[in-house]
Amino acid sequence: MEIVGPRIPKEAGGARKRVVIGTVHGDLHDIGKNLVAMQLTMAGFEVRDLGIDVPAMRFIEEAESFKADIIAMSSLLMATMMNMAEVVNLLKELGLRDKYKVLVGGGPINPIMFGRFFG
Ligand code: B12
């Protein structure tokens, strides 16, 4: 990250939107998540990186305390991908689903999986 970071061009402006980002519970992969967090920062977003193995409720608590606009989640394992859907379901249960844009990414995410879990 120290090598790549300074080489990513900073885009002017940015919407000053706030993002919480993390790798979901059970998943320790963070290289892709770190790159996404860095690029969001370079593009002018305010980013709170929650790290790895983040429980579903913590995404929401941090989003609330950070006054985030976007919750971004990363998962590299088929086995942990469902934990992204748990966050979305919790948001619905708490009546907060419309408050946040939710971004998901990582190796197992494709249109079929997306439709099955988030559609
Ligand atoms: C590096 C790596 C590891 C490292 C992780 C180090 C780290 N600090 O991240 C270590 C060695 C720890 C590891 C462990 C394991 N791994 Co691993 N790992 C990989 C590997 C080789 C590369 C992943 C990577 O970093 N890619 C580079 C980054 C830049 O790409 P990326 O993560 O895909 O991210 C990009 C996009 O996906 C996207 N993106 C990612 N997140 C997000 C989020 C948002 C919001 C958005 C918009 C976009 C986005 O943008 C990123 C930039 O382009 C992959 C194989 C592969 N080729 O993907 C296996 C792989 C992911 N691992 C795998 C497995 C099975 C494991 C283990 C279970 C192995 C074991 N038996 O112990 C453990 C799991 C531990 C755990 N609980 O998480 C499997 C997963 C299979 C599956 N589909 O479920 C893979 C696919 C290997 C394989 N072919 O079997 N692993």
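Just follow the structure's listing: the first ligand is 1, and inside any ligand the first atom is 1. In what follows, every heavy atom counts, from backbone to side chain, and hydrogens, waters and symmetry copies are set aside. Along the sequence shown, residues are numbered consecutively beginning with 1.
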Using distance alone, decide if ligand 1 has a nitrogen or oxygen within less than 3.5 Å of any nitrogen or oxygen in L28. yes
For atom 37 (O) of ligand 1, state whether the nearest protein heavy atom is under 4.0 Å away. yes
Scan residues 30-40 for pairs that pass side-chain hydrogen bond (donor to acceptor under 3.5 Å, both in side chains), counting only residues two or more places apart or in two chains. K33-D49
Does P108 have a heavy atom less than 4.0 Å from any atom of ligand 1? no
Polar side chain donor-acceptor pair, D53 to H25, under 3.5 angstrom: yes
Quick check: A79 and ligand 1, any N/O pair under 3.5 Å apart? no
Quick check for you: to the nearest 0.5 Å, what is the distance between E86 atom CD and M73 atom CE? 10.0 Å
Evaluate S75 for polar contact with ligand 1, using N/O atom pairs at a separation under 3.5 Å. no
For atom 17 (Co) of ligand 1 the protein N, O or S atom count under 2.8 Å stands at 1
For atom 41 (N) of ligand 1, find the nearest protein heavy atom and state the residue, atom name and distance (0.1 Å precision). S74 OG, 2.8 Å
Verify, without hydrogens or angle tests, whether D69 (side chain) and K17 (backbone) share a donor-acceptor contact under 3.5 angstrom. no
Closer than 4.0 Å to some heavy atom of L35 - which atoms of ligand 1 meet that? 29 (C)
If we number the atoms of ligand 1 from 1 as shown, the ones under 4.0 Å from a heavy atom of M78 are 82 (C), 83 (N), 84 (O)
Short N/O distance, under 3.5 Å, between L103 and ligand 1? no
Test item: R48 side-chain N/O and I21 main-chain N/O as donor-acceptor pair under 3.5 Å: no
Here the atoms of ligand 1 under 4.0 Å from any heavy atom belonging to D27 are 78 (O)
Relative to the heavy atoms of G107, which atoms of ligand 1 are at a distance of less than 4.0 Å? 37 (O)
